[in-house]
Protein chains: 2
Amino acid sequence: MRLTRAGEYAVRCVLYLARRGPGALVSRKEVAEEADIPGQFLAKIAQQLARQGIIEIMQGAGGGYRLSTDPDRITMLEVIETIIGEIALNDCVLRPGSCGNSDICAVHRVWGEAQARLRDHLNGVTFADLLAEEERLRG
Amino acid sequence: MRLTRAGEYAVRCVLYLARRGPGALVSRKEVAEEADIPGQFLAKIAQQLARQGIIEIMQGAGGGYRLSTDPDRITMLEVIETIIGEIALNDCVLRPGSCGNSDICAVHRVWGEAQARLRDHLNGVTFADLLAEEERLRG
DNA sequence: ACAAATAAGATATGTTTAGTCTTATATCAA
DNA sequence: TTGATATAAGACTAAACATATCTTATTTGT
C-alpha cells in the first residue's frame with residue numbers, strides 16, 4: 001500500500017472537522033485553508049468521503065462539510081481505505097490470482113499477516129483518539 | 001511504503017537462490033526463467049543486492065549469482081529495503097521536516113508506530129523461515 | 001434574480017515504475 | 001589469443017499513477 005497525498009488530505013480533513021466539533025458545518029474554503037489542502041482537490045476527496053458516509057456535504061450558499069457521526073466511530077483505516085482502496089502491501093495478497101502459486105507461496109503468507117496486522121492497528125485508532133492525543137501533546 | 005515489482009522480484013530471486021542451496025552458483029538466465037523475472041531487470045536488482053552484500057555476482061562465462069550467507073541470516077526486511085529504501089508508510093514519518101507540525105501531530109505518531117511494527121514483523125522473517133514454510137505447505 | 005457554494009467531467013503535468021537497448025567489461029575454454 | 005558466454009552500467013522509453021487545475025453545471029439561501 002501507500003499513503004498517497006490524497007489519503008493524507010482525507011485524514012487532515014476529517015481531523016479538522018472533528019476538531020471543530022461533531023455538528024459543525026464548515027465551508028470547503030475553511031477546511032482547505034486551515035488544513036492546507038488544495039481547494040479543488042479537497043472537493044474530490046470530500047465527495048469520496050461523503051459517498052462512504054463519513055461526512056455530509058451541504059450544497060449551495062452557506063454550505064460545507066460536516067461529520068456524519070461522532071469522531072469515536074470513525075477510524076483511520078476507514079478514512080484511508082475510502083480514498084486509496086483496501087490497504088495491500090503487495091499485489092498477490094490483494095488479488096490471489098496475480099500470484100501464480102499463491103497456494104504454495106510462503107511469501108504470500110507473510111505479506112497477508114503483515115497486512116492484517118497493519119489494518120488491525122489502523123482500525124483501532126479513531127479520530128476521537130487523535131483528538132485526545134492532540135490535547136495531550138499540546139497540554 | 002509500497003512493495004514495487006522490483007521488490008517482489010528481489011524476494012523471489014533470493015528465495016530461489018536459497019532453494020538451490022546456500023553455496024550454489026546460479027546463472028541469471030536460470031533465476032530469471034525459474035523465478036519469472038525479466039532478465040535485464042533482474043540484472044539491475046541483483047546488482048543492488050550484491051552492493052548490499054546479500055548475494056555475490058560472478059562475472060564472465062560460467063558466472064551467475066550466489067547467496068553471500070546462510071538463508072537464516074537474511075531477512076525479508078533487509079531484501080526489500082535494499083530495493084525500495086526504508087519502508088515508510090507516509091512521507092512525514094520518514095522525513096519529519098515534511099510535516100510542518102510533526103511535533104504536535106497525533107497522526108504522525110500513529111504512522112510511526114504502525115511503521116515500526118511492520119518493519120519489526122518483516123525483520124523477524126528470514127529466508128530460512130520461508131523455505132521451511134514452503135516445505136510445510138508442499139508436504 | 002443573484003450570489004455563494006459544491007458537483008462533475010475533461011484536461012494537463014509531473015513523477016515513478018517497469019522495462020528495454022546499447023555498449024563495455026570480465027571470464028573461461030579451446 | 002580468439003571466440004563464446006556472461007554480467008555491468010548508463011541511457012532511454014512507455015505506461016501508469018498521482019496531483020492537481022479548469023470549466024461548466026447545479027444547488028441553495030437571501
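Below, read A as the first sequence line, B as the second, and so on, with proteins coming before strands; counting in each chain starts at 1.
- For B:Tyr65, whose side chain is taken as the heavy atoms from C-beta onward, the closest listed nucleotide among C:dT17, D:dT7, D:dT21 is D:dT7.
- Nearest nucleotide to the side chain of B:Thr4, out of D:dA20, D:dT7, C:dA18: C:dA18.
- Atom CG of A:Leu25 and atom C1' of C:dT6 are 12 Å apart (whole Å).
- Side chain of A:Phe41, nearest nucleotide from C:dA8, D:dA9, D:dA20: D:dA20.
- Residue A:Pro38 places its side chain closer to D:dT21 than to any other of D:dT21, C:dC28, C:dA18.
- Listed nucleotides C:dT25, C:dT20, D:dT28 differ in distance to B:Gln59; the shortest reach to its side chain belongs to C:dT25.
- Across all their heavy atoms, B:Ile55 and B:Ala46 have their closest contact at CD1-O, 3.6 Å.
- Using a 4.0 Å cut-off, some side-chain N or O of A:Gln47 falls inside it from OP1 or OP2 of C:dA7.
- A:Arg119 pairs in a salt bridge (charged side-chain N to carboxylate O under 4.0 Å, His left out) with only one of the listed residues (A:Glu78, A:Glu113, A:Glu81), which is A:Glu81.
- Shown are B:Ile37, B:Asp36, B:Val26; of these, the side chain to side chain contact (heavy atoms under 4.5 Å, CB included) with B:Tyr16 is made only by B:Val26.
- What separates CG of A:Leu3 from P of D:dC17 is a distance of 17 Å, to the nearest Å.
- Put simply, B:Arg28 has a side-chain N or O that comes within less than 4.0 Å of OP1 or OP2 on D:dT7.
- Spacing between atom CG of B:Leu42 and atom C1' of C:dA18 amounts to 14 Å, rounded to whole angstrom units.
- When rounded to the nearest whole Å, the span between CD1 of B:Ile37 and P of D:dT7 equals 13 Å.
- The interatomic distance linking B:Arg5 (CZ) with D:dA14 (P) rounds to 19 Å, in whole Å.
- OP1 or OP2 of C:dA18 has not a single side-chain nitrogen or oxygen of B:Tyr9 nearer than 4.0 Å.
- We find that CD1 of A:Ile57 is positioned 9 Å from C1' of C:dA7, with the value rounded to whole Å.
- Proximity note for B:Ala61 (side chain, C-beta onward) versus D:dA4, C:dT22, C:dA4: the nearest is D:dA4.
- In this structure, the CD atom of A:Glu8 is 10 Å from the P atom of D:dT19, given to the nearest Å.
- With sequence neighbours left out, A:Ser27 forms a side-chain contact (heavy atoms from CB on, under 4.5 Å) with A:Lys29, A:Glu30.
- Rounded to whole Å, atom P of C:dT6 lies 13 Å from atom CZ of A:Arg66.
- A salt bridge does not link B:Arg20 to B:Glu34: none of the charged side-chain nitrogens sits closer than 4.0 Å to a carboxylate oxygen.
- Ranked by how close their nearest DNA chain D nucleotide is to the 5' end, A:Ala6 and B:Lys44 are led by B:Lys44.
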